[in-house]
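To start, the structure under review is shown below, and the notes come after it.
The basis for the numbers below is simple: all heavy atoms, side chains too, and nothing from hydrogens, waters or symmetry mates.
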Amino acid sequence: MRLDALRDLLGLSATRLDPPVVAEAGRVLAEAAARQRLSSRHTVIAIAGATGSGKSTLINALAGVPVSETGLRRPTTAAPIACAWSEGAAGLLDRLGIPGRLCRRPLAGGDGDEALRGLVLVDLPDHDSALTAHRDQVDRVLGLVDGVIWVVDPEKYADAALHERYLRPLAGHAEVTFVVLNQIDRLLGDTTDQVLDDLRRLLDEDGVALGEHGEPGATVLALSALTGEGLPELREALGTFVRGHQAATRRLSADVDAAATRLRPVYVGEGRPGLGERSREDFTARLAVAVGAAAAGEAAERAWRRNAGRACGTPWLRLWRWYERLRTPGAGGGEPAGSAPLEEEPTARQRVEHAVRVVAEEAAHGLPAPWAQAVREAAARGARGLPEALDELAADARAPRPGGKADGTAGGKPGGTAGGKPGGGAAGAVGAAGKRAGGKAGGRPGGLPPRPAWWPVAVLAQASMTLLQVFGALWLAGQIAGVLEPRLLPPVLVMLAGIVGGPLVEWACVAAARGPARRYGQETERRLREAAAGCGRAMVLDPIATELMRYREVREQYATVSGGRLTTR
């Protein structure tokens, strides 16, 4: 039942809604529950109208006995008065606040017209009364009855107060509404039809569906309560309405429709809200920039090539570089393997916060205000530890350890905390991403890049070139000392082979190292991007997705309440 769906809907989303919205929907549920506990064999219909429209005369004519006082004094009806066509309506009258002394029976105590058995008519004060208490009673009772008969006269049927305050807001209750044009005995010729047509036009402009040609809607009649003209038609329509025992159900259904209409801005937004693949990729790219993934990849590539040069370079060149470092402290020292120039912390933090704001706004776009705010708050909560978590991932990726970390921590800190701050979500995200970033880095102790299989061969070749130089030099020195037979050309050729071969081996190694160095840098960048993406997903995207999933659930529940199906993501 839609009432149960409305109750479940409020339970799912009460914390997201403003208290007045929850209170109004709760009032509908409370009134519906109260009506369902009372007699379903009775139908309570209020007779409402403006001053002098003839409400009291009409209820007296239907009952056949004086139920409500009539006269020239205004207002004539000061409090609601009831007329019940059968016993058992005491609970309904108590709900309306009508005491037993103001309840009448038709035909001086008989059951009256059998066709109207179960009918309870309530004569209301004037809705345009000068007394505020009278108008308040009208509004209160109209919210509790099963149906209403609006009595209008030829002079006030187009009254703006009636249409704007009652008929237009209650247009959704057309199936439990009767509109009666009274006092047609004062009209001449075909004037009645003209006034009736104009009344139908006004009702149509108010959005009130008219029950004509078999269509469900309001019943519009013309009569004279004074002369009895048209009264049988009204009595017949009321009898059909009462015998169906569906008035209370229709009224409750209309109340739920009205509540669903008021709740629509809270549950139905514009467009198709959610996070697309493009938004996720943009968020990941922004985090990669903030964590310096590209710079880390470039630094790793440089470190790989520098290590290749150190391992395969000539001993004399390495000695010269060592001398330069000693002579000029800080010059030529290079960067630690895998390191990258770090941005200032405020700049990186601002980039992370900007990335979170952008993805939150994209996810909240098109959502109703309460759910958009929930998405932003979820993103903000996840972003509180995100910069610190990314810092740890960056440090872990730049200084990989052999075989990764068995405990799943980031940056070597137990527990996987973010920035030294304990936190379940951040810790888990950093720990998992730390495994991805450093678990299979393939690095060497001390953060050095891995060496390919051909490096020992290159080192052996370089050592051979150095030995040739030393051997040639010793051979030549022996000839100069007269120890060996003077033969200048062979030792010179051996020395030249070593001297020329050393740089050639180094040049070949540098050329061969370009591809692996580039791949190593790309792998470092990829690992850092994936680690940042995993951390961002766990701390920001997943909470956003959870809020969006909750919104989809309540939106589908709202579709049940509204009696239709809504397109959702």
Taking side chain as C-beta onward, heavy atoms only, is [X] less than 4.5 Å from [Y]?
{"X": "Q137", "Y": "P80", "value": "yes"}
{"X": "I149", "Y": "L238", "value": "yes"}
{"X": "L203", "Y": "V220", "value": "yes"}
{"X": "N182", "Y": "K55", "value": "no"}
{"X": "V359", "Y": "V540", "value": "yes"}
{"X": "V268", "Y": "Y558", "value": "yes"}
{"X": "W85", "Y": "V242", "value": "no"}
{"X": "R351", "Y": "H354", "value": "no"}

Residue pair [X] / [Y]: nearest heavy atoms and the distance that separates them:
{"X": "E155", "Y": "R186", "value": "OE2-NH2, 2.7 Å"}
{"X": "P370", "Y": "V266", "value": "CG-CG1, 4.0 Å"}
{"X": "A218", "Y": "V208", "value": "CB-CG1, 3.8 Å"}
{"X": "G239", "Y": "L116", "value": "N-CD2, 3.6 Å"}
{"X": "A209", "Y": "P216", "value": "CB-O, 4.1 Å"}

Have a look at D146 and tell me which of R251, R35, R250, Q246 forms a side chain to side chain donor-acceptor pair (under 3.5 Å) with it.
R35
Partners meeting side chain to side chain donor-acceptor pair (under 3.5 Å) with E362 (sequence neighbours left out)
S279
According to side chain to side chain donor-acceptor pair (under 3.5 Å), who are the partners of D128, at least two apart in sequence or on a separate chain?
T51
Does the pair [X]/[Y] count as a salt bridge with the N-to-O cut at 4.0 Å?
{"X": "D136", "Y": "R140", "value": "no"}
{"X": "K156", "Y": "D153", "value": "no"}
{"X": "E547", "Y": "R16", "value": "yes"}
{"X": "R201", "Y": "E205", "value": "yes"}
{"X": "E388", "Y": "R349", "value": "yes"}
{"X": "D139", "Y": "R135", "value": "no"}

Apply salt bridge (Lys or Arg N to Asp or Glu O under 4.0 Å) to residues E87 and R105 and explain how you reach the verdict.
CA-CA 9 Å; E87 298 288 349; R105 294 296 301 277; 2.6 Å; yes
Quick one: does [X]'s side chain have a donor or acceptor within less than 3.5 Å of a partner on [Y]'s backbone?
{"X": "R376", "Y": "E361", "result": "no"}
{"X": "Y157", "Y": "L181", "result": "no"}
{"X": "R101", "Y": "I98", "result": "no"}

Is it the case that [X] and [Y] place a side-chain donor and acceptor less than 3.5 Å from each other?
{"X": "D255", "Y": "H173", "value": "yes"}
{"X": "Q557", "Y": "E553", "value": "no"}
{"X": "S13", "Y": "Y267", "value": "yes"}

Who are the salt bridge (Lys or Arg N to Asp or Glu O under 4.0 Å) partners of R243, not counting sequence neighbours?
none
Rounded to the nearest 0.5 Å, how far does [atom2] of [Y] lie from [atom1] of [X]?
{"X": "R550", "Y": "T15", "atom1": "CZ", "atom2": "OG1", "result": "8.0 Å"}
{"X": "R95", "Y": "L144", "atom1": "CZ", "atom2": "CG", "result": "4.5 Å"}
{"X": "T249", "Y": "H245", "atom1": "OG1", "atom2": "NE2", "result": "11.0 Å"}
{"X": "L167", "Y": "D206", "atom1": "CG", "atom2": "CG", "result": "5.5 Å"}
{"X": "L119", "Y": "C83", "atom1": "CG", "atom2": "SG", "result": "7.5 Å"}

From CA spacing to verdict: side chain to side chain contact (heavy atoms under 4.5 Å, CB included), L9, T560
CA-CA 9 Å; L9 179 64; T560 303; over 6 Å; no
Within 6.0 Å of CD in E236, more than 12 heavy atoms from elsewhere:
no
Around atom CD of E229, are there more than 12 heavy atoms of other residues, nucleotides or ligands at under 6.0 Å?
no
Would R2 and S253 count as a side-chain hydrogen bond (donor to acceptor under 3.5 Å, both in side chains) here? Give the steps.
CA-CA 8 Å; R2 292 200 297 152; S253 178; 2.7 Å; yes
Contact list for [range], test ring-ring contact (aromatic ring centres under 6.0 Å, His included), sequence neighbours left out:
{"range": "residues 16-35", "value": "none"}
{"range": "residues 22-67", "value": "none"}
{"range": "residues 358-385", "value": "W371-Y551"}

Does the ring centre of W150 sit less than 6.0 Å away from the ring centre of Y166?
yes
